[in-house]
Amino acid sequence: MLDLRQIREQPETVQAALQQRGAYDLAPLLSLDQQQRQLETRRSQLQARSNEIGKRVGQAIKAGSGASDPAIVALKTEGNDIKAELQTLEPEERDIKTQIEAFLLTLPNLPSDSTPVGASADDNIEVRRWGEAYRPQSAVKPHWEIGEILGILDFKRAAEKIAQSRFVVLMGAGAALERALISFMLDRHTRAGYQEILPPYLINSAALTASGQLPKFAEESFQCRHDDLWLTPTAEVPLTNLHRDDILNADQLPLRYCAYTPCFRREAGSYGKDTRGLIRLHQFNKVEMYHFTHPDQSFIALENLVQDAEDILQQLQLPYRVLALCTGDLGFSSSKTYDLEVWMPSSDSYREISSCSNCLDFQARRANIRFKASGQKGTQYLHTLNGSGLAIGRTMAAILENYQQANGAVRVPEVLQPYLGREYL
RNA sequence: GGAGAGGUGGCAGAGUGGUCGAAUGCGCCCGACUUGAAAUCGGGUGUCCCCAAAGGACCGAGGGUUCGAAUCCCUCCCUCUCCGCCA
C-alpha cells in the first residue's frame, strides 16, 4: 500500500511513477481524501464538545445536583443533539474511509529509481550470465519426455485419475529428487543464517490482503468453499504475515526466514502457455527466502538475496542469467525485482526459476509491520524482500535437461548425490 | 461438534457506568549512590489521525443503551479447559 500522506503531498510525483506501470488516476482518491478530512475535523469538534458535556454532567451530579436541575437538562439536550448529528456524520465518514482504503489497496508499488523503464518483458535488462549454455551434439529431449521415459514423471495419471491438467505425479527417483532439492536448498539457506519456517498452507483473506495478493488477484488463487481460507500461492504470504501488526525492535533486524511450501495457482488466463511439462502447474513446490530489514538496508539485502538464490544454481552447476525487470514487468508489490532464468537446452532458451524483489515498505504498510529504534520516539515501517530459492519443479526440469546424457541417462548433480545416494536417476 | 472460562499497554495483571488511556509489578530508558557492577532510590516509558498545537480515536471486532461505556445489552471472531471425533 502506498502512503496516503505522500500521495496527498506529492500527487504529481506519485501519479508519474504509477504511469510507468499502467493507467491509474489519483484524482478520485485525492477528492475522497479531502472530503474525509473535512468530515473528520467536524466530527472531532463535536466529540470534543460531547466529552465536555459528559464531564460537566458528571461533576454537577457529584456536587449534588438532581437530574431535573435545569442546567443538567440543558446539557443533556445538547448532548442528544450532538449525538444525532454524529449519527449521520459517522457513517458518512466511515463510508469514505472504506472507499479510500479500497482504492489504495488496488494501487501497485512505485518502481524504484533503479528499475529500468519499459513496457513489457522485452524491456528487461540482462545484468549478468553464469555458466555456459549446454548445447550437446544430439538433441536434448524436453524434460517431460525424458521424465516419462525414466518413469519418474506422470502427467497423464495426474490429469485423468487424480486432479486435472497442469498437475503431475512424481514417482520413484523423481519424488526422491524433488525431496532432495527441497532439503538441499533449505540446508544451504539455514547454514547461511536463515531461520527455517514451516507455515500453514491455508491462508485467511486478511493475510492475503496484507501481502498484496488480494483484492487484485483473487482469480489467481484457489479458495476453500466453506471457510475464509485460500491455498497459499507462495510462502511469501505466510512469511509476510509472520509479523503482521508487530512492532519490532530495531536491533532485531534484519530477520531472515526461509520456508518450503507447495504453491497453488489457478493460472487463469494462461491457457495454451507451457501446457506441457513442469514449467506451469497448478501446484508446485518452492523454497522461499524472506527478509525483514531496516529501510536503509533493503537494497543491499536485495543484492544478497539474489546471490543466495544464485548460489543454489551455481552449486547445481546450472547455467543462468540475471535480469532486472523493467517497470512494465514488475510484480504488484515490488519496487525492484531481479529474475533468475535458468538455461533450458530443449527449447534453447532461458526460463524464469527465481524472482527476487524489494517491496520497500509497501507490504509492511499493508501488514502494519513496524520497528522502533531504542531511545527514539515513534515507529517506522520496515522493508520486506522476498525471493525464490528456488522453484523446485523448474529446477527439476532444468536438471533433467542440462544433465541429460547422449544415451538418455540423467546424471544427478554432484551436490545432490549425498541426498539421493545415487549417481544417475 | 457439545459444555464452560476468557480476550485490557512489550509481558504479567487490577479495574463492573463519571477526571480511566487505564492501578500495580516486571521489563525498558534517564539520573543518583558505587572504582565498576549488582542492589537501592528518584524520574520517565503505548499506538494512531493531525504539518504542528489544540483536539480526537483506540481496553478482540462491529452495533446498541446513556449526557457519559474498558465497565451494561446484542452479534461476530479468537484463545484456553473439559468431553467427543481424529493423524
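In what follows, every chain begins at residue 1, and chains take the letters A, B, ... in the order their sequences are listed. Worth saying up front: this structure is predicted, and the values here are computed from it rather than measured.
- Panel note: side chain Glu423(A), backbone Arg411(A); no donor-acceptor pair is recorded below 3.5 Å.
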Atom pairs and distances, side-chain donor-acceptor, residues 254-265 of chain A, under 3.5 Å, sequence neighbours left out:
unit_1: Arg256(A); atom_1: NH2; unit_2: Ala192(A); atom_2: O; d: 2.7
unit_1: Tyr257(A); atom_1: OH; unit_2: His243(A); atom_2: NE2; d: 2.7
unit_1: Tyr260(A); atom_1: OH; unit_2: Asn285(A); atom_2: OD1; d: 2.8
unit_1: Arg265(A); atom_1: NE; unit_2: Pro233(A); atom_2: O; d: 3.0
unit_1: Arg265(A); atom_1: NH2; unit_2: Pro233(A); atom_2: O; d: 3.1

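- Between Glu52(A) and Arg49(A), at least one side-chain N (NZ, or NE/NH1/NH2) sits under 4.0 Å from a carboxylate O, which counts as a salt bridge.
- For G63(B), one of the phosphate oxygens OP1 or OP2 lies less than 4.0 angstrom from a side-chain nitrogen or oxygen of Arg94(A).
- The interatomic distance linking Asn249(A) (CG) with U47(B) (P) rounds to 12 Å, in whole Å.
- Contact between the side-chain N/O atoms of Asn80(A) and the OP1/OP2 oxygens of U66(B) is not found at any separation under 4.0 Å.
- Nucleotides A57(B) and U71(B) place their P atoms 15 Å apart, quoted to the nearest Å.
- Here G36(B) sits opposite no nucleotide as a Watson-Crick or G-U wobble pair (both hydrogen-bonding atom distances under 3.5 Å).
- In this entry the distance linking CZ of Phe371(A) with P of G10(B) reads 17 Å, nearest Å.
- The neighbour count for Gln6(A) CD, taken as heavy atoms of other residues, nucleotides or ligands under 6.0 Å away, is above 12.
- The same atom, C1', is picked in C72(B) and in G68(B); the two are 13 Å apart, to the nearest Å.
- The distance between atom CD of Gln87(A) and atom P of G64(B), rounded to the nearest whole Å, is 6 Å.
- Whole-Å rounding puts the Leu86(A) CG to U65(B) P distance at 13 Å.
- Judged purely by distance below 3.5 Å, without hydrogens or angles, the side chains of Asp339(A) and Ser355(A) pair a donor atom with an acceptor atom.
- C30(B) and C49(B) have their P atoms separated by 27 Å, with the value rounded to a whole Å.
- Rounding to whole angstrom units, CG of residue Asp245(A) and C1' of C78(B) are separated by 14 Å.
- Heavy atoms from other residues, nucleotides or ligands lying under 6.0 Å from CZ of Arg43(A) number more than 12.
- Between His294(A) and Phe371(A), the ring planes lie tilted relative to each other; the angle falls in the 30° to 60° range.
- Counting heavy atoms from C-beta on, the side chains of Leu425(A) and Leu400(A) come closer than 4.5 Å.
- C33(B) and A22(B) have their P atoms separated by 33 Å, given to the nearest Å.
- At the phosphate of U47(B), OP1 or OP2 sits under 4.0 Å from a side-chain N or O atom of Lys372(A).
- With both pairing distances under 3.5 Å, U16(B) is matched to nothing as a Watson-Crick or G-U wobble pair.
- Regarding Leu248(A), its CG atom lies at a distance of 13 Å from the P atom of C11(B), rounded to whole Å.
- One P atom belongs to A87(B), the other to A5(B), and the distance between them is 32 Å to the nearest Å.
- Using P as the reference atom, G46(B) and G9(B) are 14 Å apart when rounded to the nearest Å.
- Using N1 to N3 plus N6-O4 or O6-N4 for Watson-Crick, or N1-O2 and O6-N3 for G-U wobble, each under 3.5 Å, U75(B) pairs with A61(B).
- Taking a pair to require two hydrogen-bonding distances under 3.5 Å in either a Watson-Crick or a G-U wobble arrangement, G31(B) pairs with C41(B).
- In this entry U66(B) has no Watson-Crick or G-U wobble partner, no candidate having both defining distances under 3.5 Å.
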Mind listing the N/O atom pairs, protein and nucleotides 49-53 of chain B, below 3.5 Å?
unit_1: C49(B); atom_1: O2'; unit_2: Glu40(A); atom_2: OE1; d: 3.2
unit_1: C49(B); atom_1: O2'; unit_2: Glu40(A); atom_2: OE2; d: 2.8
unit_1: C50(B); atom_1: OP1; unit_2: Arg8(A); atom_2: NH1; d: 3.1
unit_1: C50(B); atom_1: OP1; unit_2: Arg8(A); atom_2: NH2; d: 3.2
unit_1: C50(B); atom_1: OP2; unit_2: Arg5(A); atom_2: NH2; d: 3.2
unit_1: C51(B); atom_1: OP2; unit_2: Arg8(A); atom_2: NH1; d: 3.4
unit_1: C51(B); atom_1: OP2; unit_2: Arg37(A); atom_2: NH1; d: 3.2

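- A distance-only check finds no donor-acceptor pair linking the side chain of Thr232(A) to the backbone of Val237(A) [under 3.5 Å].
- Separating the P atom of G55(B) from that of C67(B) is a span of 25 Å, rounded to the nearest Å.
- As the counterpart of G4(B), C80(B) is assigned, both hydrogen-bonding distances of the Watson-Crick or G-U wobble pattern falling under 3.5 Å.
- Across every strand in view, G9(B) sits unpaired, with no contact that passes the Watson-Crick or G-U test at under 3.5 angstrom.
- A 3.5 Å limit on both hydrogen-bonding distances identifies no Watson-Crick or G-U partner for G21(B).
- One finds a salt bridge joining Glu85(A) and Arg42(A) here, because a Lys/Arg side-chain nitrogen approaches an Asp/Glu carboxylate oxygen to under 4.0 Å.
- Remark: Glu267(A) engages Arg280(A) in a salt bridge, criterion side-chain N to carboxylate O under 4.0 Å.
- Rounded to whole Å, atom P of C28(B) lies 18 Å from atom CD1 of Ile247(A).
- Computed from coordinates, the Ile369(A) CD1 to U47(B) P distance equals 18 Å when rounded to whole Å.
- Distance check on atom C1': A69(B) versus G64(B) gives 11 Å, rounded to whole Å.
- A salt bridge links Asp308(A) with Arg188(A); the closest basic N to acidic carboxylate O contact falls under 4.0 Å.
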Protein and nucleotides 17-22 of chain B: nitrogen or oxygen contacts under 3.5 angstrom:
unit_1: G18(B); atom_1: N2; unit_2: Gly54(A); atom_2: O; d: 2.8

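- Taking only side-chain nitrogens and oxygens, Asn51(A) comes nearer than 4.0 Å to OP1 or OP2 of A57(B).
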